[in-house]
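Okay, so here's the structure we're looking at.
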Amino acid sequence: MKSPDLPLDTGRPLPLVAFDDDCFYRQWAMEVGQSHPPGFTTVMTCGSIAGVVSAVLSGLGVTLLNSRHITPEMEIMKAAFPEPPPIVYVIRTGRKSYSSAVLGLVEAISGETDRV
């Protein structure tokens, strides 16, 4: 994803906005970037989706997002990069976490991930 106002020079690494070093999308972009020129260079890392989206909409760089975070103001890049691998969501609870509150939270979270 990118801002429509962000011009890209495909002869240079694309500016990447991502989460921290453990970010699944950032790791994928860096791996793909090694084998698909022009690749990526990280220009910003942020701990929140709101920060990543704001940076992209401001034209700071490009990012990889799941569909639930794509806004109408973003432009989907049709570059020569392969499709990112699918994301798997995992909900973990403690072995003895069978309270109605925990089960209700797990059900609510599961319902949200079904819409992704």
Side-chain angles (χ1 to χ4, degrees):
M1 307 309 302
K2 75 175 205 71
S3 167
D5 299 329
L6 175 65
L8 294 176
D9 178 355
T10 56
R12 303 182 75 186
L14 302 178
L16 180 68
V17 176
F19 292 100
D20 61 18
D21 290 339
D22 295 327
C23 173
F24 167 81
Y25 288 134
R26 182 172 183 262
Q27 291 174 5
W28 177 85
M30 292 303 146
E31 288 174 15
V32 167
Q34 298 300 327
S35 59
H36 291 82
F40 297 96
T41 184
T42 303
V43 295
M44 180 187 149
T45 59
C46 182
S48 73
I49 188 65
V52 170
V53 168
S54 293
V56 169
L57 292 175
S58 296
L60 186 59
V62 302
T63 197
L64 294 157
L65 295 173
N66 66 29
S67 60
R68 74 181 310 165
H69 299 296
I70 297 171
T71 69
E73 298 85 17
M74 292 179 183
E75 181 180 308
I76 298 173
M77 296 174 55
K78 301 291 185 184
F81 294 104
E83 185 84 14
I87 294 178
V88 176
Y89 293 97
V90 177
I91 301 174
R92 294 185 178 139
T93 62
R95 290 183 180 182
K96 297 181 182 180
S97 300
Y98 296 110
S99 72
S100 60
V102 170
L103 295 176
L105 181 59
V106 167
E107 186 175 321
I109 293 171
S110 297
E112 287 297 313
T113 59
D114 290 342
R115 292 189 271 202
V116 175

Over all atoms of both residues, closest heavy-atom pair of [X] and [Y]:
| X | Y | value |
| --- | --- | --- |
| Gly51 | Cys46 | CA-SG, 3.6 Å |
| Met77 | Leu14 | CE-CD1, 3.8 Å |
| Pro13 | Phe40 | CB-C, 3.9 Å |
| Leu16 | Ala29 | CD2-CB, 3.8 Å |
| Leu65 | Val53 | CD1-CG2, 4.3 Å |
| Met44 | Ala55 | SD-CB, 3.5 Å |

Same cluster or not: are [X] and [Y] linked, directly or through other Ile, Leu, Val, Met, Phe, Trp or Tyr residues, by side-chain heavy atoms under 4.5 angstrom apart?
| X | Y | result |
| --- | --- | --- |
| Met74 | Tyr25 | no |
| Phe24 | Ile70 | no |
| Leu8 | Leu60 | no |
| Val62 | Leu64 | yes |
| Val17 | Leu6 | no |

**Request:** With sequence neighbours excluded, give me every salt bridge (Lys or Arg N to Asp or Glu O under 4.0 Å) pair touching residues 6-16.
**Result:** none
**Prompt:** Could you give all pairs that pass the salt bridge (Lys or Arg N to Asp or Glu O under 4.0 Å) test and reach residues 40-64, with sequence neighbours left out?
**Reply:** none
Between [atom1] of [X] and [atom2] of [Y], what distance do you get to the nearest 0.5 Å?
| X | Y | atom1 | atom2 | answer |
| --- | --- | --- | --- | --- |
| Glu31 | Arg26 | CD | CZ | 11.5 Å |
| Leu105 | Thr93 | CG | OG1 | 10.0 Å |
| Glu75 | Leu57 | CD | CG | 12.0 Å |
| Cys23 | Met30 | SG | CE | 9.5 Å |

**Asked** Taking the side chain as C-beta and beyond, is there a heavy-atom pair between Ser48 and Val52 under 4.5 Å?
**Response** no
**Heavy-atom side-chain contact between Ile76 and Lys2 under 4.5 Å** = no
